[in-house]
Structure formats: structure tokens, C-alpha cells
Amino acid sequence: MATVKTKKGKIGVTGENIFPIIKQFLYSDNEIFLRELISNAVDATQKLKVLANKGEFKGELGDLTIWVKLDKKKGTLTVSDRGIGMTEEEVDKYINEIAFSSAEEFLKKYKDSAANIIGHFGLGFYSSFMVSDKVEIITKSYKDDAEAVHWECDGSPEYKMEKTKKDDRGTDVILHIDKENQEYLDEHRIEELLKKYCRFMPVPIAFGYEKEWKDGKEVETDKPHIINNVEPIWTKKPSELKDEDYLNFYRELHPLNEEPLFWIHLNVDYPFNLTGVLYFPKIRSNIEIQKNKIQLYSNQVFVTDSVENIVPDFLTLLHGVIDSPDIPLNVSRSYLQADQNVKKISSHITKKVADKLSDIFKNDKKKFEEKWDDLKLFIYYGMMTEDKFYEKAIKFVLFKNIDNKYFTFDEYKDLIKENQKDKNGTLVFIYATDKDEQYSYISAAKNKGYDVLLLDGQLDVHFINHLEQKESGIRFVRVDSDTVDNLIDKKEDNEAKLDENEKEKLIEAFRTPLEDDADNYIITFVGGDGKGTPVTVVQNEFFRRMKDMSKITGGQGFYGDLPDSYTVVIDVNHRLFKKVKTDFEKSTASELKKYDEEISSLRKEYDELKKKYEGKSDNDIPANDKKKMDDLDNNIVSKQAEMKNKVKEFAKNYPVIGEMIDLALLSVGKLKGERLERFIKRSVDLIK
Ligand code: ADP
């Protein structure tokens, strides 16, 4: 190296040495140095192309490939380009006068949190000091008669600059990798980083040579190993592309995924620049693991794959690429959210997505229906979180019924408006979440002429909640949330005609077979048509929905902690119930009547005493009367208990009651283990 003149100087950073700060701040994400260096090389190459186009550079462009080389012996990593290069003055201006005016200012600006800037902060060339203890630049400008320059710096603010010889125009940046960062001398690690950050950069980047198998051995060819695709599809016009191109690109991004449902090519140049291709993947379950598959690029340079604050949350379920030089990269995430450009970009993408879905819905309803089951999670999520999206999507959101027929919201309302309106004029949407488990309820509803929707997806319950809030005059009830006659309250009088005293005893009788579980069930009577099942187990819509929703959010909270609770509904007009009632009366009436009389006379006596001392304080009641009241009270309680036991005894010895309850439990899958065995035995005994 023929040194002409050596210049020494201090890099234009006042105050403290900036390099320890750079290292400290970006330590966990120091790999971005490679992206920064290669971006610079790409820029320098692109600039030269522009100059050539304008006629300002008249020489041969030649092969513009950027080379990345490792030299393990010397411990160096070199990035070489054949771009515009730099003159001595330019090195002075662009490298020595570092962009930050002082270290303090740097700290002040980014003190919030290191995480905010990691990966987004374009530290540029100086990021190379995060991984090196010495960096050299050997550069020669494209300009006629330019002299090559050799610059070197060991991480202190002092640098050395001298003239040197270099045959070709362009720049080599040589990093002497420091002890802590030896990983960057590993071929696989560098290949991985190149794939991550440089995969779609617009200038060919070579790393080593292609290998091939020859005579059972892997040998290097003389063909450079190019790691990037310089013309990814989002840089092309949609009219130049075929479906196959989009699918191929998707495979390139996600080799292991199923094929996407469809895609959107974004192409905006006003009021901001944005290109990209977004794919709708098949999503069936677990939203969380599906998120964050959109990659953000800035002029084909990879920036990040966490786009949360750039696109609305529901769109993070999409896959693909967004490229926009207008998204500010070197700012914190919270700032990003508030940025006007980012807001515009976000709402633009939302609109495009809604429009695309709407187009497919209008132009190819069949295709839309076919893909609905895969799409619905995404659309529900969007409708629940973005009002703008809701407004558009309410026109194409589909409802699928038990018979696999699809309806739009309006179509469905039309379908059920005659038969499924309650007495207040509310349209009642009846749904099932499991075709098999709820089979008996579904067929009961269908027999009544109702239509039943199938809502068996992850977000469905949340979605119908949202829909009920947004749309007036509709309500959703699950098919097993009440007896079929009560699912839609139509003012028909179906109250059971039983006297209170009788009812109390019958409740006790029907509670008996539930044994220890009795507290989780409420027994009620209805006056049904007597043609359906005599006993039905239902679960309150509101209660069940709250529980379901808390399950999705991890099962905590008030509703999540409550035990399951069901209602056992008995049709008093069913012949089996009538039989039970008659037999019950026949065999217990006289005995129970005695109890009733005894209890009521005890109560009368008690009430009289109570009345006598009404308004008096406890001390004013004579001791003997006080004792009398206590005795009466105890007596009432024990008589009641005795009577209850009589009822229980009857129920235990009267297998039809147990059979009726067990059949109802069986139809909701609640009859298991020992109880199931007992049921089978009892059934066998009954078939005589
Ligand atoms: P930025 O790239 O953000 O401007 P850098 O610190 O990375 O900041 O680089 C500063 C300047 O140095 C660049 O703007 C460019 O003018 C010059 N430069 C850096 N790398 C190269 C290169 N490989 N070839 C030519 N010029 C370069």
C-alpha cells in the first residue's frame, strides 16, 4: 500500500466516546450492522446507476454484484461494492462528521428504552463498531482521476486516513470482528442474516460460490452464490403477474404453509408510497401463533416482522410483505402509532382488504362461500376491532346454518322474520355450537320450523356479542339455552299450572335422583305441548356465554370461577309427568296432608306469638314465650325435613322419576360413570 499522505483526526463527536454507547444500546440486536452496511453498498450502487442513466457517469457499469466475504484467519468480514465510492472529501464529510452532534444528545433522544430503537434505528455505517474492534474503509470514487482512500478507526474517536491504491471504483468496508462477536465469522450465521435482511434487496449480493455434487463430493463451482431476489413481485405491476407468481412468492416466504386463500397487491403512490402483497392464510385456530407474518420493508430492505403498530391488529393475521419508505424507522413504537402517515397507511390497508373481500363476495359468491370457514375468524376479528371494517364487512359477513347453507346478514334476517320474532319484535337467531352434542335440541327447534345456525368457531361467541351491540332488534340464543317452546318468547301462555304447595314437593321429588349434584341444577316446570321430551336440561344463554368468553381469555374472572349451572325443565303436559304426579298423589297424599296440617298449625301458633311481641325488643319477651317460639320453630323445621324425606323416599322407590332425569342428562352428555351404570340397570329392570 503506497501511502501518499496520512491524515489523523478526531471523529466529529463532541463529549464522550460514542462507541461504547452504540455497543451498549444495540447490544441485543447488533446483527443489524450487516443490514446497514449492505444497504449503504446498495445505495452507492443505485446512485451510480442513476448517474449512468442521466449520462453523468460515462464509464462501464459492469458487474455490480455486492460481495460479502469472510476471512477467518484474519478475523475479518468484508462488504465490497462497485458503486459510486467516495473521495477523500466525501469520507471527511460523510464518515468523519458523524451525524450525531454529541453523545449526550444521542442519549437524551433515545433514553426511553433501548427496545424502542432496536432494529429500527438506522445507525448506518457506525453500527459496524457494535461488533468490531477495528473498521477499515478502502474506497475509490467513480469520478475521473479520483484517488483511492484508506480510512481506519479502532473504535476510539480517533481515525486515520491516507491515500491508497485501488484498481476498481467502489468501496470495501472491512470489519475486524471483536472477541465477543465471533459468531459473525461463521458462514452459517452470515448466510442466515443475509437471508433475513437482504433477501429482496435490489442489487445482487454474493456470498461465496454455488456448490455442486461431483463424484460423491460437494465442490465449489465458479458461479457466485447470490442470496437475494432483486425483483420480488411486489416491485412489479399486478398486470405483469399471474396467480402462479403470487403463489410462488408465497411459497418462497412460507415454504411450509398451506396455500393462501387469496391475496391483495398493494400499490399506492399518493399521498404516501406503499407497495406490497398481502396473503390471506388459512386460519382455523389459535390466533396468537398466527400473528406477525407480515414483513415490513423499506425500499426492499427488511426492517421488521412485527408490524403491530403499523397495521390494525386483525391484519397482523395476514401474511406477506409491505414496503414503504414513508414509514419512519428510527422512532419509537409509541411514536409510530401517533404518526399521521402510519395512520393513513393503516386505514388504507384496512380499506383495501375490505374492498378485496367485497369484490370476491360480489363476483364469485361460490368461491367466497367455499373459503368462508377459513376466512371467518379473520373477518370476525376485524369486525370486532375496527369499526370501519365492520361497516363494510356487515354486507358480506356470512352465516352458515346447520344444513351448510350460507346467508348474508340481511338474507338471514329475511329468512327468519316470519317465524322467529319474539313478542317484542326482536329477531331471535338460534344457533348451535356442536352439531352432535346438541342434536336433540337442534331437531326439536327444526321440528318447530326454526332455522339453526352453526357457530362453532373460536371467536363466534365474541362475535355475536358484538353483533348484538351493534345491530338493533336481534338476539342470539343457543339452541339448548331453553326449551324449544321458550327459545323465542312469543307471548304464548305456557306456564305450568301447578299449585305452589304441590310444586314444592314435586321439585323435591325430581331433585332426588340428582343426589350430590342437585345444587348445580334448578328444577322448573313448563306447560309445553306434551309432545316433546318430558324433561330437558338447558343452560342459560347469558350465563353460558359469559363462561365461554372467560374460557377464551384464560378462564379467570367472576364467571370463569362459577361452577356450571343448568336448569331442568319438566313439561307438565307430558304423559309421563302426569303419571308421576298421579302416582305421587295416590301414594303420599294422605301422609303428606297430615304433615301439611301439622306444619300449618305450628306455624299459626308461632305467627300469633310473633305478632303479640311485634315491635318489642328481645328483652321484653317473657322467657317462657321465648322458649315456646324457639321450640315451635325447631318443630317446624324438623317436620319439614321429615316431610321432605317422605318425598325423597317416594322418589327413590319410583324409578320413572330417576329415569326421566337420567334420560335428560344423557342427552346432554352429563350421565357418566357410576350413574350411567345405574341408569342402564334401572332401564333393564323397567323393560319387563
Ligand atoms: P446513512 O447511510 O444513513 O446516510 P451512514 O453512516 O451509513 O448513514 O453513511 C453515511 C454516508 O456515507 C452515506 O450517506 C454515504 O454518502 C456514505 N457511504 C457509506 N457507505 C458507502 C458506500 N459503501 N459507498 C459510498 N458511500 C458510502
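Computed from a predicted model, the values in this text were never measured in an experiment. Side chains are part of it too, since the values below use all heavy atoms of this structure and drop only hydrogens, waters and symmetry mates. Each ligand, and each atom within it, is numbered from 1 in the order the structure gives.
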| task | Taking atom types as modelled, find out whether Y380 and H462 have a side-chain donor-acceptor pair closer than 3.5 angstrom. | result | no

| Which is it for N257 and Y250 under the side-chain hydrogen bond (donor to acceptor under 3.5 Å, both in side chains) test, yes or no, and what are the steps along the way? | CA-CA 9 Å; N257 278 22; Y250 187 76; 3.1 Å; yes

| task | Answer yes or no: is there an ion pair linking K165 with E147, defined by an N-O contact shorter than 4.0 Å? | result | no

| said: With a 4.5 Å cut-off on side-chain heavy atoms, are V301 and D323 touching? | reply: no

| field | Mode of D81 contact toward ligand 1 - side chain, backbone, both, neither (heavy atoms, under 4.0 Å) | value | side chain

| query | Can you list the atoms of ligand 1 that are under 4.0 Å from a heavy atom of I95? | reply | 12 (O)

| Quick one: does M86 get a heavy atom under 4.0 Å from ligand 1? | yes

| query | Which one of N40, V42, L48, V173 has a non-hydrogen atom at the shortest distance from atom 19 (C) of ligand 1? | reply | N40

| said: So T65 and I205, do their side chains get closer than 4.5 Å, heavy atoms only? | reply: no

| Looking at ligand 1, does any of its N/O atoms fall within less than 3.5 Å of an N/O of G85? | no

| Test of proximity, T171 against ligand 1: N or O pairs below 3.5 Å | yes

